[in-house]
Amino acid sequence: MRLLVAILVLASCLPAFARERESVEQLKAKVETASPKEKVTLALRVAEMQTDAADKLYSNGKSDEAHAAIQDVVTYTEKASDAATQSGKKLKDAEITVRKISHKLADMKRSVNFDDQPPLQDAIDRLEKVRTQLLAKMFDLGKGSQ
């Protein structure tokens, strides 16, 4: 019986392990063909992964590559926002994730060279616009259902 339970627990964890191992490029490809609801989750995952990658790239002195990763962060948070707004689903999840990413970028901005700060500030500003749009949509939906 214990063996069966252990096998079931392991089997239920395998999809999570597989998702962690998917590369950014694989996730990007999935975003393009996903349903709007799934697109939100996938695009936000790309944005989170690229945020972490940018932080590591800045730490390793690879500013140009970090800037490209930051551009991906903005692009994929915007895609997630568009999909959430279109479907009316996952708005709250998207807003929370975008807020967390924005805070990470602000922390990153404080630790990079002065010359690397403007692209980060631009990304933070764009993410705040995305958050504002998500919040507006969330509250519009709330008014329409009452």
For the residue pair [X] and [Y], what are the closest heavy atoms and their distance?
X: Pro36; Y: Ala83; value: O-CB, 3.4 Å
X: Lys104; Y: Asp52; value: NZ-OD1, 4.0 Å
X: Ala80; Y: Val40; value: O-CG2, 3.6 Å

Is the closest side-chain heavy-atom distance between [X] and [Y] below 4.5 Å?
X: Asp93; Y: Thr41; result: no
X: Leu127; Y: Arg99; result: no
X: Ser59; Y: Lys56; result: no
X: Leu27; Y: Met49; result: yes

Item to check | Worked check of side chain to side chain donor-acceptor pair (under 3.5 Å) between Gln121 and Asp125 | outcome: CA-CA 6 Å; Gln121 186 59 53; Asp125 293 343; 2.8 Å; yes
Euclidean distance, [Y] [atom2] relative to [X] [atom1], rounded to 0.5 Å:
X: Arg126; Y: Lys129; atom1: CZ; atom2: NZ; result: 8.0 Å
X: Ile96; Y: Leu44; atom1: CD1; atom2: CG; result: 11.0 Å
X: Met138; Y: Thr85; atom1: CE; atom2: OG1; result: 11.0 Å
X: Ile124; Y: Ile70; atom1: CD1; atom2: CD1; result: 8.5 Å

Next on the checklist: Going by the rule side chain to side chain contact (heavy atoms under 4.5 Å, CB included), which residues pair with Ala53 if we only count those two or more places apart in sequence or in a different chain?
Outcome noted: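 Checked Ala53 against side chain to side chain contact (heavy atoms under 4.5 Å, CB included); matches are Gln50.
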Polar side-chain atom of [X] near backbone of [Y] as donor-acceptor pair, under 3.5 Å:
X: Ser111; Y: Met108; value: yes
X: Ser81; Y: Thr77; value: no
X: Asp122; Y: Pro118; value: no

Decide, yes or no, whether a salt bridge links [X] with [Y] under the criterion of side-chain N to carboxylate O below 4.0 Å.
X: Arg110; Y: Asp107; answer: yes
X: Glu32; Y: Lys79; answer: yes
X: Lys30; Y: Glu22; answer: yes
X: Arg131; Y: Glu128; answer: yes

Checklist entry - Which pairs with one or both residues in residues 62-108 pass ring pair (Phe, Tyr, Trp, His ring centres under 6.0 Å), sequence neighbours excluded? => result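 Applying ring pair (Phe, Tyr, Trp, His ring centres under 6.0 Å) to every pair that reaches into residues 62-108, excluding sequence neighbours, yields Tyr58-His67.
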Checklist entry - Under the side chain to side chain contact (heavy atoms under 4.5 Å, CB included) criterion, do Leu105 and Lys109 qualify, and how do the steps go? => result CA-CA 6 Å; Leu105 294 180; Lys109 180 184 168 202; over 6 Å; no
Next on the checklist: side chain to side chain contact (heavy atoms under 4.5 Å, CB included), that's the test. Do Glu48 and Ile101 meet it? Break it down for me.
Outcome noted: CA-CA 7 Å; Glu48 289 173 320; Ile101 292 171; 3.9 Å; yes
Checklist entry - Given the rule in the side chain to side chain contact (heavy atoms under 4.5 Å, CB included) test, do Arg45 and Leu42 qualify, once you have shown the distances and angles that lead to the verdict? => result CA-CA 5 Å; Arg45 183 73 185 121; Leu42 292 170; 5.6 Å; no
Checklist entry - Within a radius of less than 6.0 Å around CG of Asp64, do more than 12 heavy atoms belonging to other residues, nucleotides or ligands occur? => result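 No, the 6.0 Å shell around CG holds no more than 12 heavy atoms from other groups.
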Checklist entry - Going by distance alone, is a donor N or O of one side chain under 3.5 Å from an acceptor N or O of the other, for Gln86 and Asp82? => result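 Looking only at side-chain atoms, Asp82 and Gln86 do not form any donor-acceptor pair under 3.5 Å.
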Checklist entry - In chain order, what residues pass the side-chain hydrogen bond (donor to acceptor under 3.5 Å, both in side chains) check against Ser63, with sequence neighbours excluded? => result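 So Ser63 forms a side-chain hydrogen bond (donor to acceptor under 3.5 Å, both in side chains) with Asp116.
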Checklist entry - Do the side chains of Val73 and Leu57 join up, straight or via other hydrophobic residues, at under 4.5 Å, putting them in one cluster? => result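 Per the 4.5 Å side-chain linkage, Val73 and Leu57 are not co-clustered.
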Item to check | Working for side chain to side chain contact (heavy atoms under 4.5 Å, CB included), residues Glu95 and Leu91 | outcome: CA-CA 6 Å; Glu95 189 278 328; Leu91 289 163; over 6 Å; no
